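Hydrogens, waters and symmetry mates play no part in the numbers below; they use all other heavy atoms, side chains included. For ligands, and for the atoms within them, numbers begin at 1 and follow the listed sequence. Predicted model only: the values in this text are computed from it and were never measured.
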Amino acid sequence: MSQLQPVRGTHDLIGDTARRHAHVVDTAREITRRYGYEEWSTPIFEDTRVFSRTLGDTSDVVTKEMYTFEDRGGDSLTLRPEGTAAICRAFVTNGLTQALPQRVFYNGPMFRYERPQKGRFRQFHQIGAELLGATDPLMDAETIAMAHAILKALGLGDAVTLEINTLGDLDSRQAWREALVAYFKAHESALSDESRARLEANPLRILDSKSPQDRALLENAPKFGAYLNEASRVFWDDLRRKLDLFGVGFVENPHIVRGLDYYSHTAFEFVTDRLGAQGTVLAGGRYEGLVAQMGGPATPAIGWAGGIERLALLIDAAPVQPRPVAVLPTSEATLAAAITAAQTLRNAGFAAEIETRSSLKKRMERVVKSGAAHMVLVGEDELARGAVTVRDLGKREQTEIALDALADHFLKAQ
Ligand code: ATP
Ligand code: MG
């Protein structure tokens, strides 16, 4: 049989790639914990309506990118393209809607049928956070500050810029939408085909267009700032003030609308110029209608998602785990003691590997080459005295250590 390949747009997480990936997730898990978040995990696939109802009939994700299939029972299922809708579904179906606020961290694979390129895959991974029951702009600012803290902890403080925008409330958005449609209609022939098709259905999406033709038109498009009603303006001012209190720097970018339909008020992106066309590493915003669409009570929320592959590309390096202590029985007769030595080390929290393959000389060479810091030789002579030989491969020293003092020896050396 010919060699099978991974499916286009998917990739294996192995070696350095896996370590970078894990480092991003571990860092996000630790920082979100400090902000009172708990980790949730929801299924990889959901009833298709979880996404089709919520992400918007005209969003790219729903119209072009979902992996939707009928299962053997005839139900329409979709591999999740994003996390927020599923978290809201879980919030409602687990009866948590009266236990507010809920601070949720998640991570895992997402699936979108996109054109694969650097930093863009069909199975990719996200870290994400949702704060359900977000009543105050303080919570928006805190959620953004938390994302900023994760990026800083990953060493990306200087690599990214925070861009923010307001989408106002429904009334403001309606007024702005009408002005936008009028403007784009007046310039209809200059729009890309795709944007022209969206003109009536979802003109806001045109602001997110990547076509140079559309981008040129956007320069003079009506700016949302002029259409904000009083309540939305107060919210927007408050958000910026609170971001200042957290010491998080930002620039305002009136073009941020986000790709999905459910956002209101706060919209933000952390962007970088180090990843070519894929400039957004983490993005999110406030949403008000999603929980109600899942059958729960109206619940204001704020959340974000970050692309793990893009973050993993940006970080310098993942912390490398030290090689395990190598435990070498010198003969079959000392294997039992070697197992005891390895288990003793593992129980004390150290990584240990029992090496039995090939001759003692070859094994020792292999261990030295592997970069291990220590080797434990379990020989018959020392064992007769209840001891083993510990060789420090960095210092090129060796000492005889009583088997029952082995863990202590390594603990002291730390
Ligand atoms: P983009 O504009 O890059 O398509 P998006 O607006 O579709 O992003 P979101 O749905 O907000 O992205 O997802 C949040 C983050 O997830 C993005 O900022 C990005 O880092 C990452 N991401 C989104 N789609 C992909 C993908 N196909 N491959 C890798 N990472 C992705
Ligand atoms: Mg996209």
Taking distance alone, with N or O pairs closer than 3.5 Å, would you say A305 contacts ligand 1? no
Any Q278 heavy atom less than 4.0 Å to ligand 1: no
Looking at ligand 1, does any of its N/O atoms fall within less than 3.5 Å of an N/O of E309? no
Counting from 1 in the order shown, the ligand 1 atoms closer than 4.0 Å to a non-hydrogen atom of E114 are 24 (N), 25 (C), 26 (C), 27 (N)
Atom OH of Y113: over 12 foreign heavy atoms under 6.0 Å: no
Do you know the tightest heavy-atom contact between Q123 and P109? NE2-CB, 3.4 Å
For ligand 1, find out whether one of its N or O atoms is nearer than 3.5 Å to an N or O atom of G306. no
For T280, which part has a heavy atom under 4.0 Å from ligand 1: side chain, backbone, both, or neither? both
Going by distance alone, is a donor N or O of one side chain under 3.5 Å from an acceptor N or O of the other, for S211 and E194? no
A quick test of your reading: do over 12 heavy atoms of other residues, nucleotides or ligands sit less than 6.0 Å from CG of D71? yes
Please work out whether any backbone atom (N, CA, C, O) or any side-chain heavy atom from C-beta onward of E65 is under 4.0 Å from ligand 1, and answer side chain, backbone, both or neither. neither
For atom 29 (C) of ligand 1, tell me which residue out of G119, G128, G307 has the closest non-hydrogen atom. G119
Member of D237, D238, V234 meeting the side chain to side chain contact (heavy atoms under 4.5 Å, CB included) criterion with P137: D238
Closest to atom 31 (C) of ligand 1 (judged by heavy-atom distance), picking from F270, F111, F124: F124
D140-T143 side chain donor-acceptor pair, cut-off 3.5 Å: no
Using heavy-atom distances, let me know which of Q126, H125, R112, E269 sits nearest atom 10 (O) of ligand 1. R112
Can you name the atoms of ligand 1, numbered from 1 with element, that are less than 4.0 Å from a heavy atom of K210? 2 (O)
Quick one: does E82 get within less than 4.0 Å of ligand 1, heavy atoms only? no
Verify the neighbour count for atom CZ of R49: are there more than 12 heavy atoms of other residues, nucleotides or ligands below 6.0 Å? no
F45, CZ atom: more than 12 neighbouring heavy atoms under 6.0 Å: no
Under 4.0 Å, counting heavy atoms only: does R122 come that close to any atom of ligand 1? no
Counting heavy atoms only, which part of R120 comes closer than 4.0 Å to ligand 1: side chain, backbone, both or neither? both
Do you know which of K362, K361, K369 makes salt bridge (charged side-chain N to carboxylate O under 4.0 Å, His left out) with E365? K361
